[in-house]
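Keep in mind it's a predicted model, so treat the numbers as computed, not measured.
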Amino acid sequence: MTSAVAVDTSVQIGAVRLRNPILAASGTFGYGLEFAHLVDLNRLGGFVVKGLSLEPIDGAPPPRLFDTPSGMLNAVGLQNVGVRAFVAEKLPLLRKFDTAVVVNVFGYTVDDYAEVIRVLEDAEGLAAYELNISCPNVKKGGMQFGGDPVSVSEVVAAARRAAVERPLWVKLSPMVADIGLIARSAEGAGADALTVANTYPAMSVDFRTGKSRLGNQTGGLSGAAIKPITLRLVWETKKAVKTPIIGVGGIETAEDVLNYMAIGASAVQVGTASFTDPTVSEKLVSDLVRTICDANCRSINDIRGKIPADFS
């Protein structure tokens, strides 16, 4: 094939249809508006806004970012304006864009998650919700919601009851012994899609100062360094569930996108690469078409799931 026009890049994530599988990841793309002068948002499959909580959060002290070999540490602390300010101030501006806007939701109790979604349910212009379940449950001693299948089921079920109008995606933690077990718990509680996976807890210190190189003691590791690990997690998740999967972790090139999709992802999210090149998400859309053409395929679905679960 030589005609890029002939390539179908559209994908389906449950009830959500995207013009292509490229989404900008939560926490790396602001509320989308910050990138509108750099990226044609209408060319993307969509983007996930930074996590929203019931009340505004100031976030972590600086420094919040630190470069690592083939990656980056971040400790932003989930800074956000709060769900009500988002609905009143940000969302009206986002409605003018013809792309899928997904809202990342988090909380520190099960009721927090449900209440944030209830506020969003009355607002127009959103394609789906994405639950960040890598947060501490303050009613259970600070244990992450995403680390225990019972807690996962509880928070997803509560969010599902609140999310009447829109699909519910669940962003899984990579720090579990059996991600298939966690994925099945989320699926069973009503998840419409699974995002695999969140960042990896990590740290960097300076022996000279005796301090962390971040404002917090630890942060989340992302970037190219985590790609092989997360690719395996997507593969493990795909073997465990029927629910669509969105792969996220170290994506920088069109080949990265297609490798995630070949192993079973329905779409991907681009995160840390946007710090290096704020326009990378849009560039990947064009690169993706050329790469599919080079593979002599007519549709991205010719590649999705190409690698079976029992491949060797």
Side-chain angles (χ1 to χ4, degrees), residues 18 20-67 71-107 116-117 119-120 123-132 134-135 169 171 195 198-199 214-216 219-223 246 248-252 267-285:
L18 306 177
N20 61 66
I22 308 296
L23 296 129
S26 175
T28 65
F29 211 68
Y31 299 101
L33 300 169
E34 298 89 336
F35 283 74
H37 68 293
L38 298 169
V39 174
D40 182 356
L41 300 180
N42 296 325
R43 292 196 65 206
L44 305 183
F47 57 88
V48 188
V49 304
K50 65 190 308 182
L52 295 176
S53 53
L54 200 52
E55 303 297 335
I57 292 178
D58 291 334
R64 293 178 168 185
L65 304 176
F66 183 76
D67 283 338
M72 182 186 78
L73 278 175
N74 89 83
V76 176
L78 297 171
Q79 177 186 358
N80 76 102
V81 298
V83 64
R84 293 180 181 85
F86 170 80
V87 170
E89 301 167 12
K90 309 290 186 184
L91 188 53
L93 300 175
L94 290 174
R95 291 191 187 110
K96 68 180 181 180
F97 298 106
D98 180 23
T99 194
V101 178
V102 180
V103 172
N104 184 280
V105 171
F106 73 95
V116 171
I117 290 175
V119 173
L120 293 167
E124 296 181 358
L126 300 175
Y129 308 121
E130 180 184 74
L131 295 191
N132 175 3
S134 297
C135 296
W169 302 357
K171 190 171 189 176
T195 303
N198 216 319
T199 57
L214 295 168
N216 281 354
L221 179 66
S222 60
I246 301 106
V248 52
I251 293 169
E252 297 178 335
V268 300
Q269 294 179 10
V270 181
T272 300
S274 292
F275 286 91
T276 305
D277 179 2
T279 67
V280 67
S281 53
E282 184 179 358
K283 290 176 180 176
L284 281 175
V285 174

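A88 pairs by the side-chain contact (heavy atoms from CB on, under 4.5 Å) definition with nothing, not counting sequence neighbours. Partners of R43 by salt bridge (Lys or Arg N to Asp or Glu O under 4.0 Å), not counting sequence neighbours, listed by chain and number: E282. In this structure V76 satisfies the side-chain contact (heavy atoms from CB on, under 4.5 Å) test together with R64, N74, Q79, sequence neighbours excluded. Scanning for side chain to side chain donor-acceptor pair (under 3.5 Å) contacts around T99 gives an empty result, with sequence neighbours left out. S222 is linked by a side chain to side chain donor-acceptor pair (under 3.5 Å) to T272, counting only residues two or more places apart in sequence or in another chain. Every residue meeting the ring pair (Phe, Tyr, Trp, His ring centres under 6.0 Å) condition with F35, not counting sequence neighbours, appears here in chain and number order: F29. Partners of N104 by side chain to side chain donor-acceptor pair (under 3.5 Å), not counting sequence neighbours, listed by chain and number: E130. D277 meets the salt bridge (Lys or Arg N to Asp or Glu O under 4.0 Å) test with K283; sequence neighbours excluded. In this structure A100 satisfies the side-chain contact (heavy atoms from CB on, under 4.5 Å) test together with L18, A127, sequence neighbours excluded.
One N or O on the side chain of R95 and one on the backbone of E124 form a donor-acceptor pair closer than 3.5 Å. Without hydrogens or angle criteria, N42 side chain to F97 main chain gives no donor-acceptor distance under 3.5 Å.
Residues V105 and L120 have side chains in contact (heavy-atom distance under 4.5 Å, counting atoms from C-beta outward). Taking the side chain as every heavy atom from C-beta outward, I22 and V268 approach each other to under 4.5 Å. Under the 4.5 Å side-chain criterion, counting only non-hydrogen atoms from C-beta, I57 is in contact with F106. A heavy-atom distance below 4.5 Å is found between the side chains of Q269 and V48. Within the 4.5 Å cutoff, the side chain of L221 has heavy atoms near those of the L73 side chain. You'll find the side chain of L78 reaches within 4.5 Å of the side chain of N132, heavy atoms only.
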Quiz prompt | Pair F47-V101, side chain to side chain contact (heavy atoms under 4.5 Å, CB included): steps then yes or no | solution = CA-CA 6 Å; F47 57 88; V101 178; 3.9 Å; yes
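When every heavy atom of P278 is checked against every heavy atom of L38, the shortest pair comes out as CB-CD1, 3.7 Å. Closest approach of G45 and N20 over heavy atoms only: N-OD1, 2.9 Å. The shortest heavy-atom contact between L284 and E252 is CD2-O, 3.7 Å. Heavy-atom minimum distance, A75 versus G219: CB-CA, 4.2 Å. Heavy-atom minimum distance, F275 versus G27: CZ-O, 4.2 Å. The two residues A123 and L91 have their closest heavy-atom pair at CB-CD2, 3.5 Å.
The side chain to side chain donor-acceptor pair (under 3.5 Å) contacts involving residues 21-40 comprise nothing, where partners must be two or more places apart or lie in separate chains. Counting only residues at least two apart or on different chains, the side chain to side chain donor-acceptor pair (under 3.5 Å) pairs with a member in residues 51-60 are S53-N80.
The CG atom of L131 sits 5.0 Å away from the CD1 atom of I117 when rounded to the nearest 0.5 Å. Rounding to the nearest 0.5 Å places CG of L33 at 8.0 Å from CG of L41.
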